[in-house]
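To start, the structure under review is shown below, and the notes come after it.
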Amino acid sequence: MSIDRTETRWNGWGWTEHLDTLSHTTAVWHWMASELGMSALLATPAIPLGEIELPPSRLASAALNALAEVVGESWVKTGKFERAAHARGKSYHDLLHLRAGDLETVPDAVVYPGNPLECLDVVKRCAERGLAVVPTGGGSSVVGGVTAECLPEQRGVIVLDTTRMMRVLTIDEVALTAVVEAGIYGPDLEEQLGEKGYTLGHYPQSFQFSTLGGWIAARGAGQQSNKYGKAESWLVATKLATPRGFWTTECFPASAAGPNLNDIVLGSEGALGVITEATIKIQKKPETKDYRGYMFNSFEQGLDAVRTIIQAKLPVAMVRLSDENETHFYRAFSDAQKGQSFGRTIKKKIEAMVLKSKGIGETPCVMIIGIEGSASQITATRAATAAIAKKCGGKSIGKGVGDSWYEGRFHGPYARDPMLDHGLGADTLETSTRWSNIKHLQEAVTEALEQAMRENVPYDGAHGIVMGHVSHSYADGASLYFTFVFPRDLEREVQQWHAIKKAATEAIVEHGGTISHHHGVGTDHAPWMVEEKGVIGVSILKAIKQEMDADNIMNPGKLIS
Ligand SMILES: Cc1cc2nc3c(=O)[nH]c(=O)nc-3n(C[C@H](O)[C@H](O)[C@H](O)COP(=O)(O)OP(=O)(O)OC[C@H]3O[C@@H](n4cnc5c(N)ncnc54)[C@H](O)[C@@H]3O)c2cc1C
């Protein structure tokens, strides 16, 4: 595998060595406290791994030997770091457990197969021994999708880590497809395709630490999904190692031979088998890129602009619209990082006056439009999008804001660990709905989150902040993404999170949104699957699961509980 996990944070995000610019900037923490109605923030460091005791591995040496026979002894790992790093994913809820040293759900071993046959053999040997298998790529799930747990009647759980399988196998330059091993990380995939001038273009914010198999299994979306598509638009076919043997899905550009079974693999979350290879659609790498910003007086105006751009079928790569709160938070956060009070510097006052003179008030919304392609495509699309933005009330704020978004597009997640060190909770959730319902849903979810945070914050006068944006859009609707930050209730942190999550998800379901646009179901959204799919829909999924994995060894408890 190309990433050495010992160089990454087992209980947080990214490279251990990544420079943490936040922790040393006291102004940010003063500002954050005041935004949340707190007089000061608390120091809440994570418990170091050295002070945490793991439950002993339940695997007898016969089971470990049986796995080692398949993959080689060095690829069956039972060391403390490996087990801890594969215990859970990267959701806020996961991090609460990991940082508190609660490693009750921890794999008994981590097994790294090197090819599809080894995957199949590992799955079969686990089935024979009553062991659960959690297929894991980057482990970046934020919905409890890789929690290493088994059913009470099972004898233990292994994490099957796919990241040794990391090659682009073939490229069909006529059909513009590639066959790729599923454990490949984002940067390796783009590098190998890039050598021949191609790209998949799937860049989730977790790109550096997530894999092709995880993107398919979680039905993910990259930041430039308008141009390159969500996983379901670029997947052509897959090969899975299941308890019943290999299963390869159909590989046609289109077919009327009944339902397309790729749709069962997309979003299967490891519950049916291990995706070992995938055939994907590729595109020529874009010659150039253009990201630039617009400012709107209100979220509604911005939504009108996004919808009009998408319904006009303009070839944009990304249209990202922040609501008033997110726009305020990021502008103020950036000032606080520089040690400045929001809006108080002379430069900022001049900026505000200029915007006011253009008709933009004090609570604007920022939109970033990204275009990728040839220079002439960019010129034409830029002119067309700028005209629509202007017609909807938007004002151009130039290229700088677009460039700085692009440059920092993978950095945001590094802010969460320092927040957790300061007694704060920070989580995200997402949904999608039709254009006709989008504003209503945004308001309902924002209100539900605000109220749930108010009711579950233990300090007088303190409250949470909710920020929202639209980042994936379609002719008939768009996704909504929420980030919420709140003071943690240190006496009941997990219950606090459950209460907030439940309130938000119930609001989503009640007001016509999906329980997930791209994060998936995992354990966190599984209780709402019946509301989403209906009783018959869930029973169909259960029947498929029973047919493919009769003993329920594949990622038990996820997707459908
Ligand atoms: C900071 C951050 C930002 C994120 N941004 C985005 C984003 O922009 N867009 C987005 O879509 N998601 C995002 N996510 C969520 C997550 O990164 C995605 O779900 C991603 O697709 C998971 O890939 P992974 O390789 O890490 O999979 P894992 O986390 O390892 O697994 C995810 C699920 O897929 C299953 N799985 C993984 N590999 C296989 C396989 N080979 N065969 C069968 N099942 C498998 C697992 O069992 C699990 O159920 C983000 C997460 C974080 C922490």
Side-chain angles (χ1 to χ4, degrees), residues 1 3 9 12-14 85-86 88-95 113 116 119 123 132-148 159-166 180-186 189 202-225 230-232 238-242 247 265-278 318 320 409-417 426-430 469 471-472 479 481 483 516-526 549 554-559:
M1 60 265 190
I3 289 184
R9 296 194 174 101
W13 185 248
H86 286 87
R88 283 176 172 272
K90 299 294 182 194
S91 70
Y92 168 66
H93 178 215
D94 289 328
L95 300 193
C119 281
V123 167
V133 179
V134 179
T136 298
S140 67
S141 167
V142 279
V143 290
V146 289
T147 310
V159 161
L160 186 157
D161 187 310
T162 61
T163 56
R164 270 178 76 205
M165 299 188 291
M166 46 175 282
V180 185
E181 292 183 326
I184 192 165
Y185 281 106
L189 173 63
H202 189 87
Y203 289 96
Q205 197 184 35
S206 55
F207 172 74
Q208 295 153 299
F209 302 100
S210 59
T211 62
L212 176 66
W215 302 341
I216 297 165
R219 231 180 154 98
Q223 291 167 334
Q224 285 75 23
S225 68
K230 204 166 171 280
E232 54 266 38
T238 52
K239 177 170 178 172
L240 276 91
T242 81
W247 176 36
V265 181
L266 283 153
S268 58
E269 301 193 5
L272 304 181
V274 184
I275 301 164
T276 58
E277 285 171 16
M318 182 191 91
R320 191 183 194 282
R409 67 200 188 283
F410 304 133
H411 291 171
Y414 281 103
R416 186 171 53 167
D417 298 323
D427 198 5
T428 62
L429 51 87
E430 36 76 60
H469 68 247
S471 47
H472 307 278
S479 70
Y481 188 99
T483 304
S516 175
H517 168 266
H518 59 265
H519 284 166
V521 178
T523 48
D524 295 357
H525 297 140
D549 175 27
M554 297 307 304
N555 215 1
K558 320 293 165 31
L559 188 62

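For ligands, and for the atoms within them, numbers begin at 1 and follow the listed sequence.
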Atom 33 (C) of ligand 1 protein-contacted (non-hydrogen atom, under 4.0 angstrom): no

Short N or O distance, Ser141 and ligand 1, threshold 3.5 Å exclusive: yes

Geometric N/O contact Val134 with ligand 1, under 3.5 angstrom: no

Nearest-0.5 Å distance, CD of residue Gln223 to OG of residue Ser206: 8.5 Å

Nitrogen or oxygen atoms of Gln205 and ligand 1 under 3.5 Å apart: yes

Residue selection (non-hydrogen contact nearest atom 51 (C) of ligand 1) among Gly89, Ser268, Ser140: Ser140

Backbone or side-chain N or O of Thr211 under 3.5 Å from ligand 1 N or O: yes

Steps toward side-chain hydrogen bond (donor to acceptor under 3.5 Å, both in side chains) verdict (His525, Ser516): CA-CA 8 Å; His525 297 140; Ser516 175; 4.7 Å; no

Any donor-acceptor N/O pair, Thr276 side chain to Lys239 backbone, under 3.5 Å: yes

Distance-only N or O hit between ligand 1 and Arg416, under 3.5 Å: no

Nearest neighbour of atom 9 (N) of ligand 1 from the list Pro135, Ala221, Ala231, Ala241, on a heavy-atom basis: Ala221

Nitrogen or oxygen atoms of Gly145 and ligand 1 under 3.5 Å apart: yes

Contact (N/O only, under 3.5 Å) between Gly222 and ligand 1: no

Sub-4.0 Å heavy-atom approach of Gly139 to ligand 1: yes

Spacing of OG1 belonging to Thr238 relative to CG belonging to Leu266, to within rounding of 0.5 Å: 7.5 Å

Exam field: side chain Asp427 to backbone Ser91, donor-acceptor pair closer than 3.5 Å: no

Heavy atom of Thr136, distance to ligand 1 below 4.0 Å: yes

The one among Gly520, Gly213, Gly186, Cys119 that brings a heavy atom closest to atom 39 (C) of ligand 1: Gly213

Minimum non-hydrogen distance to atom 2 (C) of ligand 1, winning option of Ser206, Ser471, Ala271: Ser206

Check: Val274 N/O within less than 3.5 Å of ligand 1 N/O: no

Selected option - heavy-atom contact closest to atom 53 (C) of ligand 1, from Trp13, Tyr185, Phe209, Trp215: Trp13

Numbering as shown, the atoms of ligand 1 that approach Val142 to under 4.0 Å (heavy-atom distance): 15 (C), 51 (C), 52 (C), 53 (C)

Asp417 (side chain) donor-acceptor with Trp13 (main chain) under 3.5 angstrom: yes

Distance in Å, Thr428 OG1 paired with His519 NE2, rounded so as to fall on 0.5 Å steps: 4.5 Å

Sub-4.0 Å atoms of ligand 1 with respect to non-hydrogen atoms of Thr162: 41 (N)

Heteroatom proximity flag, Val146 to ligand 1, N/O under 3.5 Å: no

Interatomic distance, Glu232 atom CD to His518 atom NE2 [nearest 0.5 angstrom]: 11.5 Å

Options Gly214, Gly273, Gly267, ranked by nearest heavy atom to atom 43 (C) of ligand 1, top entry: Gly273

Heteroatom proximity flag, Asn555 to ligand 1, N/O under 3.5 Å: yes

